[in-house]
Amino acid sequence: MKHILAAIATLLAVGAAFIVYKSDSEVHKIDEINKVIAKSQVKVNLGNDVTETQQKIETASNEEVEKEQAKKKKELDDKLSALKSKAGNMAAFKVSPLYKQKCASCHGVNGGGIIGPKLIGKSAGEIHQALTDFKSGKRKNYVMYGLLSKMDEEQLKALSDEIGSFEQKLKAYQQQ
Ligand code: HEC
């Protein structure tokens, strides 16, 4: 009986020792795990660095994107202002009521020319000469003659001076 008890006690002792050993190794394992965690924290920190670098890269590429967008916007703006100045060619700057009523229908609202030839770019002198010649019949054109025959010299002069200033006016208009 005693032997049996002794045997059980020994077994228990061995078992306890084993458990202690086991838990010891558990503790050891936990240590290991902690070490691994510590290491991985270093890694996580490294990871932060990586994220920062990535962010930097992203910011850089954002800047690139912004630059690209700014470039595109500028291109669009340029196109738009080109269109605007084209439209400016089409659209009227302010002209006298006389030109608007009598001449614009054929020569364009700003002398660009429609049925009648382009007048813009001609000097006041050239225009005046042409008008005088049409009126006198030296230069034969039924339409122009018909129109100018009812106009006095003052009107011819005013129209010539006005048309002569069209190019300048258009430039000023397009720069707005
Ligand atoms: C119904 C259409 C019509 C109207 C309106 C008209 N013109 Fe003309 N005009 C013409 C035509 C067409 C010619 C070309 C005649 C030619 O070269 O023989 C012309 C030629 C001219 C020319 C000579 C251009 C050149 O290149 O030698 C002048 C300047 C001119 N017109 C000014 C005027 C003025 C100013 C008015 C308004 C008072 C006017 N025209 C109204 C049709 C018109």
Side-chain angles (χ1 to χ4, degrees), residues 37-176:
I37 286 171
K39 269 188 198 161
S40 67
Q41 264 170 354
V42 170
K43 265 188 199 154
V44 167
N45 281 341
L46 267 179
N48 273 347
D49 274 358
V50 169
T51 355
E52 255 173 49
T53 332
Q54 250 172 2
Q55 272 171 350
K56 269 182 199 158
I57 291 168
E58 268 165 32
T59 340
S61 61
N62 267 347
E63 270 168 26
E64 297 247 308
V65 167
E66 270 166 33
K67 263 188 201 164
E68 194 60 29
Q69 278 176 342
K71 208 176 133 195
K72 285 226 174 94
K73 194 181 173 295
K74 207 191 159 308
E75 272 174 18
L76 270 178
D77 281 352
D78 285 352
K79 270 188 194 162
L80 202 70
S81 61
L83 270 177
K84 264 187 194 162
S85 63
K86 249 195 175 175
N89 277 325
M90 308 298 170
F93 43 72
K94 241 182 144 41
V95 294
S96 70
L98 185 63
Y99 178 84
K100 205 174 178 182
Q101 284 161 19
K102 304 281 184 184
C103 323
S105 55
C106 292
H107 291 284
V109 282
N110 57 5
I114 308 171
I115 304 163
K118 181 180 165 194
L119 299 179
I120 200 159
K122 287 190 188 296
S123 72
E126 286 173 297
I127 300 293
H128 189 259
Q129 189 58 54
L131 295 185
T132 313
D133 291 351
F134 281 128
K135 196 181 173 185
S136 70
K138 188 180 166 196
R139 192 171 162 182
K140 291 202 171 15
N141 182 270
Y142 181 74
V143 179
M144 288 306 300
Y145 174 79
L147 267 165
L148 299 175
S149 61
K150 290 168 242 151
M151 286 188 196
D152 56 27
E153 173 58 25
E154 205 181 310
Q155 283 176 311
L156 294 200
K157 187 83 180 62
L159 278 170
S160 304
D161 288 347
E162 184 183 5
I163 295 165
S165 76
F166 275 4
E167 192 161 36
Q168 207 60 38
K169 262 189 175 174
L170 181 66
K171 273 188 193 144
Y173 182 85
Q174 283 171 348
Q175 273 162 14
Q176 276 171 21

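Note that ligands are numbered from 1 as they come in the structure, with each ligand's atoms numbered from 1 the same way. Worth saying up front: this structure is predicted, and the values here are computed from it rather than measured.
- Proximity of Met144 to Arg139: side-chain heavy atoms (C-beta onward) are nowhere separated by under 4.5 Å.
- A side chain to side chain contact (heavy atoms under 4.5 Å, CB included) with Lys71 is found for one member of Gln69, Glu75, Lys73 and no other, namely Glu75.
- Within a 6.0 Å sphere centred on NZ of Lys169, other residues, nucleotides and ligands contribute more than 12 heavy atoms.
- Looking at heavy atoms from C-beta onward, Met151 lies in side-chain contact with Leu159 at the 4.5 angstrom threshold.
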Intermediate values then yes/no, side-chain contact (heavy atoms from CB on, under 4.5 Å), Leu148 and Leu156
CA-CA 8 Å; Leu148 299 175; Leu156 294 200; 3.6 Å; yes
Between ligand 1 and the protein, which N/O pairs are shorter than 3.5 Å?
| residue | atom | partner | partner atom | Å |
| --- | --- | --- | --- | --- |
| ligand 1 | 7 (N) | His107 | NE2 | 2.7 |
| ligand 1 | 9 (N) | His107 | NE2 | 2.7 |
| ligand 1 | 17 (O) | Arg139 | NH2 | 2.9 |
| ligand 1 | 26 (O) | Lys122 | NZ | 3.4 |
| ligand 1 | 27 (O) | Arg139 | NH1 | 2.9 |
| ligand 1 | 27 (O) | Arg139 | NH2 | 2.8 |
| ligand 1 | 31 (N) | His107 | NE2 | 2.7 |
| ligand 1 | 40 (N) | His107 | NE2 | 2.7 |

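- For the 3.5 Å distance criterion, the side chains of Gln168 and Ser165 fail to qualify, holding no donor opposite an acceptor.
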